[in-house]
Amino acid sequence: MSARRLDLALAEEGLARSRTHAQRIIAEGRARVDGAPALKPSHPVPEGAAVEVADVPDGIEYASRAAHKLAGALERLGVDPEGKRCLDAGASSGGFTDVLLRRGAARVIAVDIGRDQLAAHLRGHERLQIHDNTSIRGLRAQDVGGAADLITADLSFISLRTVLGDLAALSAPGADLVLMVKPQFEVGKAALPRTGVVSEPRERIRAVAGVAQAGLECGMSLLGVAQSDLPGQDGNLEYFVHLRAPRETPDAASAVPGEPVLERSAYDMIERAVSPLSTPSAPLRRAPEPTEGSRSA
């Protein structure tokens, strides 16, 4: 019997959901043949060879590649979902949802504009509440059974800045928000190269700062920024911002007039996360308002 390709072997032995998924596992460096790392989908697997996948939590592959992004971000940002009521905006196949459930969330509310996309092993989970065909825009806490202690978001073709007010309305007092910033959807069409990849560090910095600024305008504070462990579509670098909702409703009488602006220390934090070797930058300017693409939240 001739040797099989590694991607085919992973799929046939149930270690990957498909050959495409197998290729992702291989690209992440998690495939093993007889205990040795194998880095190409075409790597030959002789008959009788042991094929394994490293770093598989609880013996079941995460619902999607995005799960590894959130898992790394939660570690670096020091956010623990255990015992919390969580909301995952843009749940899609459930990568973020999967991480939250495995890390002990009391409940996860999975919200997505699509339908029936969640991975099979998540459907019917006793701590999961599914809201398919649902936009995050206009959604309120009473629509999902109550406010969330932790909100995660992975949205495409839309700027996070356009939905931060909605996420704030879904947040319990003092809630944590761990949001994935995709610069290609934040910089605006004028600043987006034809390749669709935001390669200029200054533009990536401004994309992240724009989201942080929008959070500030919703009464939130910026606690941390971390680069994603894995790149996004077409190689775009992605980032997580950790925001915290106010613990109390601001008193209108004591509010400081004028638009809040990120402090220099917050902007420096963003610069260090996005471009560790960058030189001091110009003061923050508001990023251009994005135009919406074909898919909304």
Side-chain angles (χ1 to χ4, degrees), residues 21 24-25 27-30 55 62-79 88-100 112-113 136 150-164 167 176-189 191-215 222-243 266-267 269-278 287-288 290 292-297:
H21 181 212
R24 289 180 178 175
I25 291 172
E28 291 164 5
R30 298 190 295 119
D55 300 327
Y62 275 131
S64 75
R65 180 173 179 267
H68 297 280
K69 300 179 185 182
L70 180 64
L74 292 177
E75 292 293 337
R76 288 198 302 281
L77 295 171
V79 178
D88 181 20
S92 188
S93 57
F96 283 14
T97 292
D98 203 349
V99 172
L100 296 172
D112 197 87
I113 197 72
I136 204 70
L150 171 60
I151 292 179
T152 61
D154 178 1
L155 304 176
S156 296
F157 303 107
I158 188 172
S159 166
L160 281 169
R161 290 179 283 138
T162 66
V163 297
L164 265 167
L167 297 179
D176 290 300
L177 294 89
V178 178
L179 314 176
M180 188 161 69
V181 180
K182 301 178 180 182
Q184 66 270 34
F185 302 130
E186 301 293 340
V187 298
K189 286 186 177 180
L192 186 64
R194 287 190 176 186
T195 61
V197 178
V198 182
S199 58
E200 172 55 49
R202 188 63 52 218
E203 291 297 334
R204 297 200 299 263
I205 289 169
R206 294 199 184 283
V208 176
V211 173
Q213 171 69 27
L222 176 66
L223 299 188
V225 181
Q227 183 174 316
S228 172
D229 286 341
L230 300 172
Q233 184 179 358
D234 300 322
N236 265 300
L237 296 181
E238 297 170 337
Y239 306 90
F240 285 87
V241 294
H242 179 196
L243 302 171
Y267 194 66
M269 181 202 313
I270 294 169
E271 264 198 335
R272 288 193 298 271
V274 176
S275 185
L277 301 179
S278 65
E292 294 182 32
S294 59
R295 176 188 173 210
S296 60

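These numbers come from the heavy atoms of this one structure, side chains and all, not from hydrogens, waters or symmetry mates.
Asp154 contributes no side-chain N or O that, together with a main-chain N or O of Gly90, makes up a donor-acceptor pair within less than 3.5 Å. Arg65 contributes no side-chain N or O that, together with a main-chain N or O of Gly95, makes up a donor-acceptor pair within less than 3.5 Å.
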Could you go step by step and tell me if Val211 and Arg161 meet the side-chain contact (heavy atoms from CB on, under 4.5 Å) rule? CA-CA 5 Å; Val211 173; Arg161 290 179 283 138; 4.3 Å; yes
Report the C-alpha distance between Leu160 and Phe185 in whole Å, list the side-chain angles of each, state the deciding distance to 0.1 Å, and finish with yes or no for side-chain contact (heavy atoms from CB on, under 4.5 Å). CA-CA 8 Å; Leu160 281 169; Phe185 302 130; over 6 Å; no
Taking it one step at a time, do Leu167 and Leu243 satisfy side-chain contact (heavy atoms from CB on, under 4.5 Å)? CA-CA 11 Å; Leu167 297 179; Leu243 302 171; over 6 Å; no
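When all heavy atoms of Val187 and Ala207 are compared, the closest pair comes out as CG1-CB, 4.1 Å. Contact between Val274 and Arg204 at its shortest, heavy atoms only, is CG1-CB, 3.6 Å. Between Asp112 and Ala91, the shortest heavy-atom distance links the atoms OD1-N, 3.2 Å. Across all non-hydrogen atoms, the minimal contact from Ala273 to Val225 is CB-CG1, 3.6 Å. The minimum heavy-atom distance linking Ala209 with Ile270 is given by the pair CA-CD1, 3.7 Å. Across every non-hydrogen atom of Glu186 and Ser159, the tightest pair is OE1-OG, 2.6 Å.
Between atom CG of residue Leu223 and atom CG of residue Leu177 there is a gap of 10.0 Å, rounded to the nearest 0.5 Å. Residue Leu179 holds its CG atom at 8.5 Å from CG of Leu155, rounded to the nearest 0.5 Å. With rounding to the nearest 0.5 Å, the separation of CZ in Arg206 from CD in Gln213 is 12.0 Å. Taking OG from Ser275 and CD from Glu200, the interatomic distance works out to 8.5 Å, rounded to the nearest 0.5 Å. Here Ile136 contributes atom CD1 and Leu164 contributes atom CG; the two are 11.0 Å apart, rounded to the nearest 0.5 Å. With rounding to the nearest 0.5 angstrom, the OG atom of Ser64 is 8.0 Å from the NZ atom of Lys69.
Under the 4.5 Å side-chain criterion, counting only non-hydrogen atoms from C-beta, Leu100 is in contact with Leu150. Residues Arg24 and His68 are not in side-chain contact: their nearest non-hydrogen atoms beyond the backbone lie 4.5 Å or more apart. Using a 4.5 Å heavy-atom cutoff, the side chains of Glu28 and Leu230 are in contact. A heavy-atom distance below 4.5 Å is found between the side chains of His242 and Asp176. Residues Asn236 and Lys182 have side chains not in contact (no heavy-atom distance under 4.5 Å, counting atoms from C-beta outward).
Contact check on Arg202 versus Glu271 returns a salt bridge, with a Lys/Arg side-chain nitrogen under 4.0 Å from an Asp/Glu carboxylate oxygen.
By the 30° and 60° cut-offs, the orientation of the rings of Phe96 relative to Phe240 is tilted.
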